[in-house]
Amino acid sequence: MTRAAARSRLVARRLGGLALTALLAAGCYGDLATPPDVQWTLAWQDEFDGPAGQLPDAANWRFDLGTDWGNAQLEYDTDRPENASLDGNGHLAIVARQESFQGRSYTSARLTTLGLHDQREGRFEARIRIPTTSGVWPAFWLLGSNCATVGWPTCGEIDIMENFGRDPARIQGALHGPGYSGANSLYRPFILADGRFDDDFHVFRVDWLADRIVWYVDGQLYQVIKRDYVPGAWVFDHPFYVIINLAVGGGPAGAPGAGTTFPQTMLVDWVKVYSAGA
C-alpha cells in the first residue's frame with residue numbers, strides 16, 4: 001500500500017460508520033486476522049492487592065497533580081486516597097468527586113509510571129471497569145517518556161482505551177503524533193455487541209511492535225496501524241510510560257449534564273506489561 005493510499009484510507013475512516021463499513025467490505029483491513037506471532041515475557045504487573053484505603057504501590061505509580069492537562073478538563077487531580085486507593089477487593093479505585101478543591105468543582109486522579117516503568121514496544125494490558133455517564137472521560141494510555149523535552153505530539157501518544165461517557169457501549173483506540181494528533185488522530189472505535197462498558201470488567205490491550213500497533217478488547221482484535229499507514233513521522237521508536245486517569249469534562253467528553261451524578265468510579269483489576277522475547 002502506498003503512503004497516499006494509506007492517508008486516503010485513514011481520512012475515509014474518520015468520516016464515520018458508513019465509510020468504515022465500505023472500507024471493511026473492500027478488504028482494506030484484511031491483515032487484521034494475521035498479526036505477527038510474538039513471544040511475550042512479563043516485565044511488570046500490579047494486581048492492586050492490599051487493604052481498603054491504601055494508596056497504590058509507590059514502586060509502580062506516581063500521581064500527576066493539577067488541572068487542565070491541555071484538554072480543558074474540569075477536575076483537579078490529587079494524590080488523596082479519596083480519589084485513588086485500593087478498595088480491599090483487589091482493585092484500584094479512581095474516584096471522580098463533585099467538590100470544591102483548589103478552585104475547581106471536581107476532583108479525581110491521574111496515575112502514571114513516569115520515572116518508574118517505561119519501555120519501547122511491548123504488550124500493555126489492563127482489566128478495567130469504567131464509568132460511563134455524560135461528562136466523564138476514563139482512559140488507559142501511553143505517552144512518550146521524552147515529552148518534557150520534545151513536547152506533544154512529537155513525543156507520541158498511544159490511547160489503549162478511552163471512553164467519552166455519553167457513549168456507554170463504545171470505546172476507541174487512537175494514535176497521536178506530528179501531523180496526526182488531537183481531532184486528526186488516527187483512531188477506530190470498538191462497540192460492544194451487547195451491554196455497556198460499565199456493566200462489567202473488560203481487558204483493554206495493545207501489542208506495540210516495531211512496524212505496527214495492534215488494539216484488542218477482551219482478546220478481540222479491532223485495529224491495526226502500521227508504520228507505513230501514518231501520514232507523518234512514526235514517533236513510536238523510544239520508551240513510553242503508562243497513564244490511567246478519570247477526567248471530568250474536557251473537549252471530547254463535554255461537561256457533566258444535569259443527569260450526571262457523583263461520585264463516579266473507575267475500577268482497575270490489574271495492569272500487566274510484557275516485553276518481546278522469551
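In what follows, every heavy atom counts, from backbone to side chain, and hydrogens, waters and symmetry copies are set aside. From a predicted model like this one, the values you see are computed outputs, not experimental measurements.
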Checking Tyr216 side chain against Glu125 main chain: does a donor-acceptor pair fall under 3.5 Å? no
Rounded to the nearest 0.5 Å, what separation is found between the CD atom of Glu47 and the CZ atom of Arg127? 11.0 Å
Write down the atom of Asn163, the atom of Pro131, and the distance for their closest heavy-atom approach. OD1-O, 3.9 Å
Of all heavy-atom pairs linking Pro168 and Arg166, the shortest is CD-O, 3.3 Å
Lys/Arg N to Asp/Glu carboxylate O, Asp77 vs Arg110, below 4.0 Å: no
Of the non-hydrogen atoms in Pro56 and Leu86, which two are nearest, and what is the gap between them? CA-CD2, 4.4 Å
Shared ILVMFWY cluster between Trp69 and Phe63, side chains joined below 4.5 angstrom? no
Mind running side chain to side chain donor-acceptor pair (under 3.5 Å) on Trp44 and Asn60 for me, showing each step along the way? CA-CA 9 Å; Trp44 69 274; Asn60 292 332; over 6 Å; no
Decide yes or no for Ser185 and Leu175: does some side-chain heavy atom of the first lie under 4.5 Å from some side-chain heavy atom of the second? no
Classify the side-chain pair Gln73/Trp137 by whether it contains a donor and acceptor separated by less than 3.5 Å. no
Check for me, please, whether Leu42 and Leu209 land in the same ILVMFWY cluster - side-chain distances under 4.5 Å, paths through other members count. yes
Do Phe140 and Leu192 belong to the same hydrophobic cluster, where Ile, Leu, Val, Met, Phe, Trp and Tyr are linked whenever their side-chain heavy atoms lie under 4.5 Å apart, directly or via other members? yes
Is a side-chain donor or acceptor of Ser275 paired with a backbone partner of Ala43 at a separation under 3.5 angstrom? no
Do Trp270 and Phe48 have their ring centres less than 6.0 Å from each other? no
Could you check whether any side-chain heavy atom of Asn146 comes within less than 4.5 Å of a side-chain heavy atom of His238, counting everything from C-beta outward? yes
Stepwise ring-ring contact (aromatic ring centres under 6.0 Å, His included) check, Phe201 with His91: CA-CA 11 Å; Phe201 287 89; His91 308 128; 5.1 Å; yes
Side chains of Phe101 and Thr78 in contact at under 4.5 Å (non-hydrogen atoms): yes
Verdict with supporting geometry, Thr132 and Asp167, side-chain contact (heavy atoms from CB on, under 4.5 Å): CA-CA 7 Å; Thr132 59; Asp167 294 320; over 6 Å; no
Does the plane of the ring in Phe197 sit parallel, tilted or perpendicular to the ring in Phe204? Use 30° and 60° as the thresholds. tilted
Can you get from Phe164 to Phe190 by hopping between Ile, Leu, Val, Met, Phe, Trp and Tyr side chains that sit under 4.5 Å apart? no
Atom CH2 of Trp61 and atom CG of Asp79: how far apart are they, to the nearest 0.5 Å? 15.5 Å
Heavy-atom pair of closest approach, residues Tyr222 and Pro189: CD1-O, 3.7 Å
Output the distance between atom CH2 (Trp215) and atom CG (Leu221), rounded to the nearest 0.5 Å. 10.5 Å
Please tell me whether Thr107 and Asn83 have a donor and an acceptor in their side chains that are separated by less than 3.5 angstrom. yes
Taking the side chain as every heavy atom from C-beta outward, state whether His117 and Gln119 have any pair of such atoms under 4.5 Å apart. no
Dump the intermediate steps for side-chain contact (heavy atoms from CB on, under 4.5 Å) on Asp68 and Tyr76, then the final yes or no. CA-CA 8 Å; Asp68 187 3; Tyr76 193 99; over 6 Å; no
Side chains of His202 and Ile128 in contact at under 4.5 Å (non-hydrogen atoms): no
Using a 3.5 Å distance criterion without hydrogens, assess whether the side chain of Glu75 forms a donor-acceptor pair with backbone atoms of Val248. yes
Assess the residue pair Glu82 and Val95 against the criterion (side-chain contact (heavy atoms from CB on, under 4.5 Å)); give the C-alpha distance rounded to whole Å, side-chain angles, the decisive distance to 0.1 Å, and a yes or no. CA-CA 7 Å; Glu82 293 94 329; Val95 184; over 6 Å; no
Could you tabulate the donor-acceptor pairs under 3.5 Å formed by side-chain atoms of residues 260-268, not counting sequence neighbours?
{"from": "Thr260", "atom 1": "OG1", "to": "Ser134", "atom 2": "O", "distance (Å)": "2.7"}
{"from": "Thr260", "atom 1": "OG1", "to": "Gly257", "atom 2": "N", "distance (Å)": "3.0"}
{"from": "Thr260", "atom 1": "OG1", "to": "Gly257", "atom 2": "O", "distance (Å)": "3.4"}
{"from": "Gln264", "atom 1": "NE2", "to": "Thr261", "atom 2": "O", "distance (Å)": "2.8"}

Steps toward side-chain contact (heavy atoms from CB on, under 4.5 Å) verdict (Arg120, Asp237): CA-CA 7 Å; Arg120 173 180 172 174; Asp237 54 5; 3.8 Å; yes
Modelled atom types, side-chain donor and acceptor of Arg62 and Thr113, under 3.5 Å: no
Applying side chain to side chain donor-acceptor pair (under 3.5 Å) to Asp64 and Thr112, what does each step give before you reach the verdict? CA-CA 7 Å; Asp64 278 342; Thr112 91; 4.6 Å; no
Are Leu142 and Val273 connected, step by step, through hydrophobic side chains (Ile, Leu, Val, Met, Phe, Trp, Tyr) whose heavy atoms are closer than 4.5 Å? yes
Drop me the distance from Asp200's CG to Asp218's CG, to the nearest 0.5 angstrom. 8.5 Å
Whether Arg123 and Asp207 form a salt bridge (side-chain N of Lys/Arg under 4.0 Å from carboxylate O of Asp/Glu) is what I want to check. yes
Report yes if the side chains of Leu74 and Pro256 come closer than 4.5 Å at any heavy-atom pair, otherwise no. yes
Who pairs with Asn71 by side-chain hydrogen bond (donor to acceptor under 3.5 Å, both in side chains), at least two apart in sequence or on another chain? none
Given Trp40, Phe240, Tyr274, Trp234, the one that forms ring-ring contact (aromatic ring centres under 6.0 Å, His included) with Trp208: Phe240
Atom of Val235, atom of Pro178 and distance for their closest heavy-atom approach: CG1-CD, 3.8 Å
When Ile, Leu, Val, Met, Phe, Trp and Tyr are grouped by side-chain heavy atoms lying under 4.5 Å apart, directly or through other members, which residues fall in the same group as Leu114? Trp141, Leu143, Trp152, Tyr241, Ile243
Of the non-hydrogen atoms in Gly90 and Asp49, which two are nearest, and what is the gap between them? CA-OD1, 3.8 Å
Is the backbone of Gly182 close enough, under 3.5 Å, to the side chain of His176 for a donor and an acceptor to pair up by distance? yes
Does a side-chain heavy-atom distance below 4.5 Å link Asp118 with Val242? no
Please round to the nearest 0.5 Å and tell me the distance separating atom CE of Met161 and atom CD of Gln172. 11.0 Å
Within the 4.5 Å heavy-atom criterion, are Pro138 and Ile171 side-chain neighbours or not? no
In Å, rounded to the nearest 0.5 Å, how long is the span from CG of Leu92 to CG of Asp46? 8.0 Å
Can a salt bridge be assigned to the pair Arg196 and Asp198 using a cut-off of 4.0 Å between side-chain N and carboxylate O? yes
